[in-house]
Peer 1: 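Sharing a structure below in structure tokens format, with a few things to ask.
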Amino acid sequence: MSINFGHTAWILTSTALVLFMTLPGLALFYAGLVRSKNTISVLAQCFLIAALTSIIWVVIGYSLSFSGEGLFIGNLDKFLLKNIKITSLTGEIPELLFVMFQMTFAIITPALIIGAFVERIKFSAVFLFTLLWVIFVYAPVAHWVWGNGWLAKKGVLDFAGGLVVHTTAGVSSLVIAYFLGRRKGFPKIAHPPHSPVLAMIGASMLWVGWFGFNAGSALAANGNAAMAMLVTHCSAATATLTWMCIDWYKNGKPGLIGIITGMVAGLATVTPASGYIGPMGGIILGFLSGFICYWFVAFVKFKLKIDDSLDVFAVHGVGGILGTLLAGILATDTFGGLGIEKSVYDQTVVQFIGVISVALFALIVTIIIVKIIQTTIGLRVNSQQEEFDGLDLGSHGEKSYNL
Amino acid sequence: MSINFGHTAWILTSTALVLFMTLPGLALFYAGLVRSKNTISVLAQCFLIAALTSIIWVVIGYSLSFSGEGLFIGNLDKFLLKNIKITSLTGEIPELLFVMFQMTFAIITPALIIGAFVERIKFSAVFLFTLLWVIFVYAPVAHWVWGNGWLAKKGVLDFAGGLVVHTTAGVSSLVIAYFLGRRKGFPKIAHPPHSPVLAMIGASMLWVGWFGFNAGSALAANGNAAMAMLVTHCSAATATLTWMCIDWYKNGKPGLIGIITGMVAGLATVTPASGYIGPMGGIILGFLSGFICYWFVAFVKFKLKIDDSLDVFAVHGVGGILGTLLAGILATDTFGGLGIEKSVYDQTVVQFIGVISVALFALIVTIIIVKIIQTTIGLRVNSQQEEFDGLDLGSHGEKSYNL
Amino acid sequence: MSINFGHTAWILTSTALVLFMTLPGLALFYAGLVRSKNTISVLAQCFLIAALTSIIWVVIGYSLSFSGEGLFIGNLDKFLLKNIKITSLTGEIPELLFVMFQMTFAIITPALIIGAFVERIKFSAVFLFTLLWVIFVYAPVAHWVWGNGWLAKKGVLDFAGGLVVHTTAGVSSLVIAYFLGRRKGFPKIAHPPHSPVLAMIGASMLWVGWFGFNAGSALAANGNAAMAMLVTHCSAATATLTWMCIDWYKNGKPGLIGIITGMVAGLATVTPASGYIGPMGGIILGFLSGFICYWFVAFVKFKLKIDDSLDVFAVHGVGGILGTLLAGILATDTFGGLGIEKSVYDQTVVQFIGVISVALFALIVTIIIVKIIQTTIGLRVNSQQEEFDGLDLGSHGEKSYNL
Amino acid sequence: MKLITAIVKPEQADNIKRKLNEIGVHGLTMTEVKGYGRQKGHTEFYRGSKYEVTFLPKTKLEIAVSTSKLKKVIDTIVNTARTGKIGDGKIFVTNLQQVIRIRTGEKGQKAI
Amino acid sequence: MKLITAIVKPEQADNIKRKLNEIGVHGLTMTEVKGYGRQKGHTEFYRGSKYEVTFLPKTKLEIAVSTSKLKKVIDTIVNTARTGKIGDGKIFVTNLQQVIRIRTGEKGQKAI
Amino acid sequence: MKLITAIVKPEQADNIKRKLNEIGVHGLTMTEVKGYGRQKGHTEFYRGSKYEVTFLPKTKLEIAVSTSKLKKVIDTIVNTARTGKIGDGKIFVTNLQQVIRIRTGEKGQKAI
Ligand SMILES: Nc1ncnc2c1ncn2[C@@H]1O[C@H](COP(=O)(O)OP(=O)(O)O)[C@@H](O)[C@H]1O
Ligand SMILES: Nc1ncnc2c1ncn2[C@@H]1O[C@H](COP(=O)(O)OP(=O)(O)O)[C@@H](O)[C@H]1O
Ligand SMILES: Nc1ncnc2c1ncn2[C@@H]1O[C@H](COP(=O)(O)OP(=O)(O)O)[C@@H](O)[C@H]1O
């Protein structure tokens, strides 16, 4: 196969879009949801994760994920990207571009986890956590699903990262939030997001950037990409309206925070299915994700009492799992999907296996990582005073608003 | 014709750019211009309109606009996008992509109208208004002009939405602002925009996104797209400088709000002409729009005394009409345009007919819609207190800044 | 050669990305770093420069830079873009698109200089400075390096603007800052950036937009573009971590401002080399730029005592020069580069000549321009009171935050 | 001389200033404060969590007046600010021992 | 009647309000202020420049009370706000000559 | 003991603090306020609408001092803050009945 310049143009663009999702998109989304005294720390964490993961990816992450035919992990043939020429191709696009595109996925995944540990984690712990997590959780799972590993061989459907991105990030969020412990007053005392405006800017950027995420995962500028974009959009729009209506019904008023949370849930949910389903499937996923993620937010907070502060598990984890489980069913003709090779039943079993194995793997490895950090440099900032004053001053020596 | 991957890549990108114009672009532009106590409401309205219009579009809007050969309205053959395959083409791009691209236009048009009703409308009225307006105003006009309806058959020139987007939104803004009534103190008491910074971010995103709007409307990545981008840019730049200089001359100081308002006027004005004219034409349109829209802002406010709060009619309506009327003339060789088939006179008559008929249609149908809303759920929030406290608390139960 | 639609699609996108770097990217980056009373002025300056440069470019700038075979300056054959048809090509993309793409470079270069004169310059002086500087500094240097002028003929390597953009802007910043004089209290009294959040948003947009800047400079959607994107990213990531660690070590805390400053330094530094080197080269450049630009920030401030307020010379000038000097060496096979035709020694001599001549030229012409302005309309705002109250009120009659 | 401190609804501040100006009060100082009183606040919801707001935005006006004007000023404030609804606010009066105009060094009555 | 002005750490404000409520104080006014005292601030660094912060965020509570309640209120504040660390803040007491409830026009004790 | 309340131009606040520090005043509380006085404001224009700003940003300094230091502190403030232009601000002096340091419970002079 030779290079296709149209496809290449679109994936260059998609790469920019997916980086944009993290910086500044996700960073703002999260920063707007915390208190103003922790704004800087969220932004700095996001930047740190982006920079660090990039280097890890170039050095070893890409190779572990996408080199070789191992069932469970790649090899080191592409250590430091050696052996990749400017003319090497992945499909019809330059492999170097594929490296970059995938790097942006590797960046956003640990960045999602920020939502679980905001307002109390040590900055150095974020460094160490990212380093270990990208290598020992992200890279293996990426290999299983997209790097021709055992789940790929089983035929699991995960178009743009329901398993690789959202399930891993969601489950690990629960783990790290659990071991970090709760913020003072949680869950009794609520703190309003300090800037719904910032959160909305970030959420909007996520919506737009997600076009690169999902439609870019077609690795081509064709009808498949167009369909992925369309169903992504349908799911986001439906989930937005669903969440808004639940809030309206329950609290008497539809809040902006609910609106954008619903949207993000819709996007996360449709991700694994986005290349296989039709508009109807997108609408169904959006509707379900609105309801189910909404319910899980309260469940994690008030039943499990885990301080997954910005609801990463409930929104991303649950969304990603939901979308993965339903991908097979909604991909069928009945729901206007593009059709699947296996029977619906067989496919759904595979999807189920995918979810269970990825979730378990993320759970266990993250526990190990967290324990290592706890017993070495420590996970949580040292003093209550630092938490009270906020990580902005405590960990970064800066204030977010000097009006 | 077969698919062109380069064109497809550019329209995928353009779709992202045009969505970006609304979310967060336009939302921020408007949110920055209102008082801080209504910030959330503007953002929420914008999100609501985006999500709702998307669903309407997929269900029925696209079909009404672009299916069939009716003179006045499309048919329902593409209800819920049925009969559109992943391989269907519109020109050289996937029809599904055309659906998405056009959806982003359908989203931004009612979103523009937000500027007319901020700070006093009921959130539920926005819901109902959008629902009715997209179906009964936007879809028909889109069909007339772009869907092979009667104006298209007459050969009206409207490259990217001077009629379909800006004239409809502008005229309807005047109507809804009129029936909603004025905000307390208008026009005597002025309220400074609470955040010129947000407004500027939004305006910048509009500028960048407009490249997708106008150059994307070529539906191709070619010289036509390049020219559209160039003339769009020329008009925006010229209008910026023009408005700035008028402000400088009249108030002694060039304000940022004036600078960005001029820019948006320049963009709206060039839109209908952008695929037909040359750089000189862009500069002329920018210059004229700076002057004429400037004048209309004061005219609507102080003469008509209509509280079109963020000047949607003066900036978008007048701009869109101006650009539509001049599109024929400036498309000629004399002004460095790409040439037209009809005589200048004939073309301008057609443009005139287009403006009059679209404006009248939008006027009448919007009056009907507004009356329906007024007599059912009501248009304006119930109490003066709610307006005083701001819609953020009153309608959404949230505050925009919790520093 | 005929048009390549894939390449065209990517350069259309890149043009949008590079405009996005200036509006709102750079504007926000700078606005966040000044005090809140000068926020509006920075944004207005950025908008003014963007609009004005666009017109200059269309009228005369493009022609002076890219028309004709002169050694030192282009000719006027493309005055007002005449003689450029919609079908004219530059390489495999429409020449009109090349005009637009290059325009966005011409816009951001003088906009970078804003960082040197914030908080005290007259708005009218910005107008005049931009007018003269774009014509007499930018256009000639662009012609030398990219327009087939004497440096191009010598074979100087400057992929995306280490000389044309960063060296010119950096050196001129030092000049204008010197002649403007220091802000009150400089360098003893420090003023914290009023909004690290805005600065971070801007910096992130610079990172994303820089993909268009560097990978777009390939003027193609191919492996070369992919490699440019990759090395750009590597340099940014490495410089981010480097600067962060130095700050961490020296101040005990890693601040967000340091993190994003490092990132920008990394981007500026890799720019000239981005089309010639490999990932290893990107990492090396990022590392060096982190250290060297860091050192120069303090050097300019505390040794030279020049109030280059937002460190344009130290970050962009030094970065651009560094990258230009090392481009030849890192382009060799040894460092995983794509190879060069000349010997490393010869190439490096040429690079050196490029740096010296461009720096000297920018220095001298900017001194002349500044002197002209000083003796006519004046450079600095008239009264100390205006500076104290802030340029927002003094020059624009607006306040940035009305919460 | 007396210092009048009035805690009022923010929306009334401009009005009060205008009315005071009419009766010859040409100086005052305004502060944004948060008040807690009988007026109850409201509840906000964020992702299922309840957030009770009990402090409401109020505006504090501080006005130095000569004792002779005290009554008139107080009456003006009360009449302008009263809506009859809970939350209208309070007025506190304290004794002022000295007033000094920084610009001129003038003291006492003349400095007000 | 007395006016109690307490400068306390912002984190204590909510607590104090609750405790005062329990002892029957149902109104107070809160202002965000910046305090300078023995408590030292901190240093911030921006691109190599040092920035010394000496003013720290504090909360000012103003509470009008009848003289009979004065001691109880002061004790409650002191007991709630005291952490024993520098920066705990201060309480100032001044004489209140008059209190007026704007809504009703009530004066004196009844208006508190 | 006295409470000095000085309304000054924001740009003077740091200076005044430094000067007061030199004469042995080691505590004060600062509030951002808006002042209305003889100094006239400015007019802003937004899309053709005029917006008059009459309240100008000022800084309020509150300083508790022992009566013996009163004069010295006032003189220092006046001398430092005076520019001779309208808007320089005012100083108000009120009686302080009690001062309490929360941290130690100390009262009166010692607590200042
Ligand atoms: N005892 C008090 N001390 C200080 N401020 C008070 C006191 N009581 C009321 N206030 C202030 O007055 C405002 C209005 O009081 P509130 O009791 O709500 O209304 P009303 O005066 O109509 O009963 C409160 O928000 C608070 O700022
Ligand atoms: N003389 C004073 N006048 C006004 N405010 C004061 C005075 N002294 C202290 N304060 C306020 O009290 C706060 C706490 O004082 P500080 O001396 O830091 O603590 P401590 O009371 O524990 O010695 C200061 O930040 C300031 O706001
Ligand atoms: N009677 C007053 N009561 C309260 N504050 C006042 C009074 N008069 C002036 N001020 C405050 O002092 C500031 C300066 O007063 P102004 O009359 O403008 O200047 P000057 O003292 O030079 O005549 C005002 O902005 C206001 O905050």
Side-chain angles (χ1 to χ4, degrees), chain D residues 1-13 15-16 29-41 51-63 65 67 70-71 73-97, chain E residues 1-8 10-34 57-67 70 73 76-77 80 92-112:
Chain D
M1 296 165 296
K2 304 286 173 185
L3 182 66
I4 301 174
T5 302
I7 318 282
V8 299
K9 292 191 174 160
E11 64 248 50
Q12 308 286 7
N15 248 339
I16 297 175
T29 301
M30 186 170 104
T31 316
E32 284 169 28
V33 299
K34 298 201 159 160
Y36 166 68
R38 302 186 187 194
Q39 192 187 9
K40 69 181 178 51
Y51 176 70
E52 307 279 353
V53 176
T54 49
F55 279 100
L56 294 171
K58 298 278 167 189
T59 293
K60 176 161 89 175
L61 302 174
E62 284 166 305
I63 312 148
V65 294
T67 314
L70 182 64
K71 201 181 151 348
V73 171
I74 290 182
D75 287 350
T76 307
I77 297 176
V78 170
N79 291 335
T80 318
R82 184 190 289 170
T83 68
K85 291 204 208 104
I86 277 185
D88 272 354
K90 302 223 166 145
I91 296 174
F92 304 125
V93 181
T94 48
N95 227 9
L96 258 186
Q97 296 213 296
Chain E
M1 295 165 295
K2 303 284 172 187
L3 180 67
I4 300 174
T5 302
I7 318 283
V8 300
E11 63 248 51
Q12 308 286 8
D14 260 346
N15 249 338
I16 296 175
K17 188 207 78 179
R18 214 174 9 242
K19 284 279 160 60
L20 288 179
N21 203 7
E22 285 168 16
I23 63 162
V25 172
H26 295 299
L28 58 83
T29 301
M30 185 171 105
T31 316
E32 283 170 29
V33 299
K34 297 202 161 162
K58 298 279 166 189
T59 292
K60 175 162 90 176
L61 302 173
E62 284 167 304
I63 312 148
V65 295
S66 59
T67 314
L70 182 66
V73 171
T76 307
I77 296 177
T80 318
F92 304 125
V93 181
T94 48
N95 226 9
L96 258 185
Q97 295 213 296
Q98 185 59 287
V99 176
I100 299 140
R101 168 172 286 123
I102 294 176
R103 174 165 51 94
T104 57
E106 285 163 298
K107 296 205 170 146
Q109 296 275 57
K110 298 187 302 267
I112 288 185

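Proteins come first, then strands; the chains are lettered A, B, ... in the order of their sequence lines, and each starts at number 1. Since the model is a prediction, treat every value here as computed from it, not as a measurement.
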Peer 1: Count the heavy-atom pairs under 4.5 Å between each of D:Asp75, D:Thr94, D:Thr83 and chain E, then report the option with the highest count.
Peer 2: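 So the answer, after comparing D:Asp75, D:Thr94, D:Thr83, is D:Thr94.
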Peer 1: Compare all side-chain heavy atoms of E:Thr29 with those of D:Phe55 and state whether any distance is below 4.5 angstrom.
Peer 2: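 E:Thr29 does not reach D:Phe55 side chain to side chain.
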Peer 1: Please determine, among E:Arg103, E:Glu32, E:Met1, the option with the most heavy-atom pairs under 4.5 Å with chain D.
Peer 2: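 Most heavy-atom pairs within the cutoff with chain D belong to E:Arg103.
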Peer 1: Can you tell me how far OG1 of D:Thr80 sits from CD1 of E:Ile102, rounded to the nearest 0.5 angstrom?
Peer 2: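 Rounded to the nearest 0.5 Å, the CD1-OG1 separation comes to 9.5 Å.
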Peer 1: By a 4.5 Å heavy-atom criterion (distance strictly below it), what part of D:Thr31 contacts chain E: side chain, backbone, both, or neither?
Peer 2: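 The side chain, not the backbone.
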Peer 1: Which region of E:Glu62, side chain (C-beta onward) or backbone (N, CA, C, O), has a non-hydrogen atom less than 4.5 Å from a non-hydrogen atom of chain D, or is it both or neither?
Peer 2: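 The side chain, not the backbone.
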Peer 1: D:Thr54 and E:Lys17: side-chain donor and acceptor closer than 3.5 Å?
Peer 2: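 Short answer, yes.
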Peer 1: Taking the side chain as everything from C-beta on, heavy atoms only, tell me whether D:Lys90 gets closer than 4.5 Å to E:Glu106.
Peer 2: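 They are not in contact (no side-chain heavy atoms under 4.5 Å apart), so the answer is no.
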Peer 1: Are any non-hydrogen side-chain atoms of E:Val99 and D:Ile91 less than 4.5 angstrom apart?
Peer 2: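 Answer no - side chains too far apart.
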Peer 1: Drop me the distance from E:Thr59's OG1 to D:Lys34's NZ, to the nearest 0.5 angstrom.
Peer 2: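 Answer for the OG1-NZ pair, E:Thr59 versus D:Lys34, is 9.5 Å.
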Peer 1: Answer whether the closest heavy-atom distance between the side chains of D:Asn95 and E:Asn95 falls below 4.5 Å.
Peer 2: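 A side-chain contact under 4.5 Å is absent here.
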Peer 1: Quick one: NZ on E:Lys2 to CZ on D:Phe92, what's the gap to the nearest 0.5 Å?
Peer 2: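 So the gap between those two atoms works out to 15.0 Å.
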Peer 1: When rounded to the nearest 0.5 angstrom, what distance separates CG in E:Leu3 from OG1 in D:Thr5?
Peer 2: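 These two atoms lie 7.5 Å from each other.
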Peer 1: Please test E:Met30 against D:Lys58 for side chain to side chain contact (heavy atoms under 4.5 Å, CB included), starting from the C-alpha separation and ending with a verdict.
Peer 2: CA-CA 9 Å; E:Met30 185 171 105; D:Lys58 298 278 167 189; over 6 Å; no
Peer 1: Which residue out of D:Lys85, D:Arg82, D:Lys60 racks up the most heavy-atom pairs below 4.5 Å with chain E?
Peer 2: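 Of D:Lys85, D:Arg82, D:Lys60, D:Arg82 has the most heavy-atom pairs under 4.5 Å with chain E.
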Peer 1: If you define the side chain from C-beta out and look only at heavy atoms, does anything of D:Ile74 sit under 4.5 Å from E:Ile100?
Peer 2: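 Result yes, sub-4.5 Å side-chain heavy-atom pair found.
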